[in-house]
Number of protein chains: 2
Amino acid sequence: MENRFYTFAGGVAGPWKVVSVQACVGTGLETPGCVQIYNESLGTLPEGASWMLRGVTSNQRYVNRAEQVSLVSVQPPLGRPEATCAALIPILKTAQWWALTQEERREVFEERSSHIAIGLRYLPAIARKLHHCRDLGEPFDFLTWFEFAPADGAAFEDLLAALRATLEWRYVEREVDIRLVRGN
Amino acid sequence: MENRFYTFAGGVAGPWKVVSVQACVGTGLETPGCVQIYNESLGTLPEGASWMLRGVTSNQRYVNRAEQVSLVSVQPPLGRPEATCAALIPILKTAQWWALTQEERREVFEERSSHIAIGLRYLPAIARKLHHCRDLGEPFDFLTWFEFAPADGAAFEDLLAALRATLEWRYVEREVDIRLVRGN
């Protein structure tokens, strides 16, 4: 059975070297030297780590079948040799967001914010993997991991700027933007 | 901050005495003497317990605003003095269910199975609390806890029979039905 649990540990070891840690909304996170990704839910902080964030990949919550077909047809895998840049973006949404019904969230997410449509514009350049953590008792609701080639760095900035300008982002109460490069 | 985590432990202690444990679909669970409910996610099995099931209450996944308003207006709380009967029903759904998109699941759940409408018919007699556990690495996807007065026992059987006859239930691959009474 597939293990859907992941831990991102910011510390002194790991293949991803941290370039920057920026607090976008609310409290930030300490800037570690490296990030190590574990395909398990760690019970204790690894030696030398200043933080760890845990999440689980899960079923789709918003995409409809047509969007799902579009995404699957163009989504690249993680781990492409040329994709030496990465970003880890933990996000916490407001209590107001979670008090919306599913259809009200979908309305904000896609009909009014085009979250999926915006993401599709940057495929297949930007690989993306979403981890859920709201129901794990973690400090964030989502951890999104992105990978892209250095040449697609400007496109990645455009993608983030477009998402952050949406109505959906008004429901974000904490966001940290961690940039990384694959170590030599 | 509200603690949304719960553990149901089947063992030798607890206010709820087990009347029966029935395997409805798939493998059952050992029949303990009592069930104790903890408002936390336990890390280890309590002494004398033969099993524990952990879940978390979460945001609504399927109800629309009109349904939500109807539910809130008639839903009774847990812990009513007269509600001395309870049921704990852990359910696991198939991989096929989880591969559906959100709108496809809603279509099966309500438009074709009337899950919410059926539940509403038995309110305010049957109190109900849903705990999610699919993303916690637990053996089930959901744990539903029901409480009702002895006089509403037949209505509770009707409710379960109606739900189990739905299209939605064809996506259930494991279901255990644990009946309990509050100890004297």
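This structure is a prediction, so every number in the text was calculated from the model and none was measured. Note: hydrogens, waters and symmetry copies are ignored here, and every other heavy atom, side chains too, is used. Lettering of chains follows the sequences in order, A, B, ..., and the numbering in each one begins at 1.
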Ion pair R179(B)/E147(B), N-O distance below 4.0 Å:
no
Checking an interface table here. Which of residues 47-59 of chain B come within a heavy-atom distance under 4.5 Å of chain A?
V56(B), T57(B), S58(B), N59(B)
Distance-only check: which donor-acceptor pairs under 3.5 Å involve side-chain atoms of residues 24-46 of chain B, not counting sequence neighbours?
from	atom 1	to	atom 2	distance (Å)
N39(B)	ND2	N3(B)	O	3.1
N39(B)	ND2	F5(B)	O	3.0

Under 4.5 Å from any heavy atom of chain A, what part of E103(B) do you find: side chain, backbone, both or neither?
side chain
Please confirm whether the backbone N or O of F109(B) pairs with a side-chain atom of H115(B), one donor and one acceptor, at under 3.5 Å?
no
Any residue meeting salt bridge (Lys or Arg N to Asp or Glu O under 4.0 Å) with E104(A), in chain and number order, not counting sequence neighbours:
R65(B)
Pairs under 3.5 angstrom only: tabulate donor-acceptor contacts from the side chains of residues 90-97 of chain B to other protein residues two or more places apart or in another chain.
from	atom 1	to	atom 2	distance (Å)
K93(B)	NZ	E168(B)	OE2	2.5
T94(B)	OG1	W97(B)	N	3.2

Looking at D177(A) and R164(A), is there a salt bridge between them, counting it only when a charged N and a carboxylate O are closer than 4.0 Å?
yes
Between the side chains of R4(A) and D135(B), is the shortest nitrogen-to-carboxylate-oxygen separation below 4.0 Å, so that they form an ion pair?
yes
Examine whether an atom of R105(B) lies under 4.5 Å from a heavy atom of chain A, and if so say whether it belongs to the side chain, the backbone or both; otherwise answer neither.
side chain
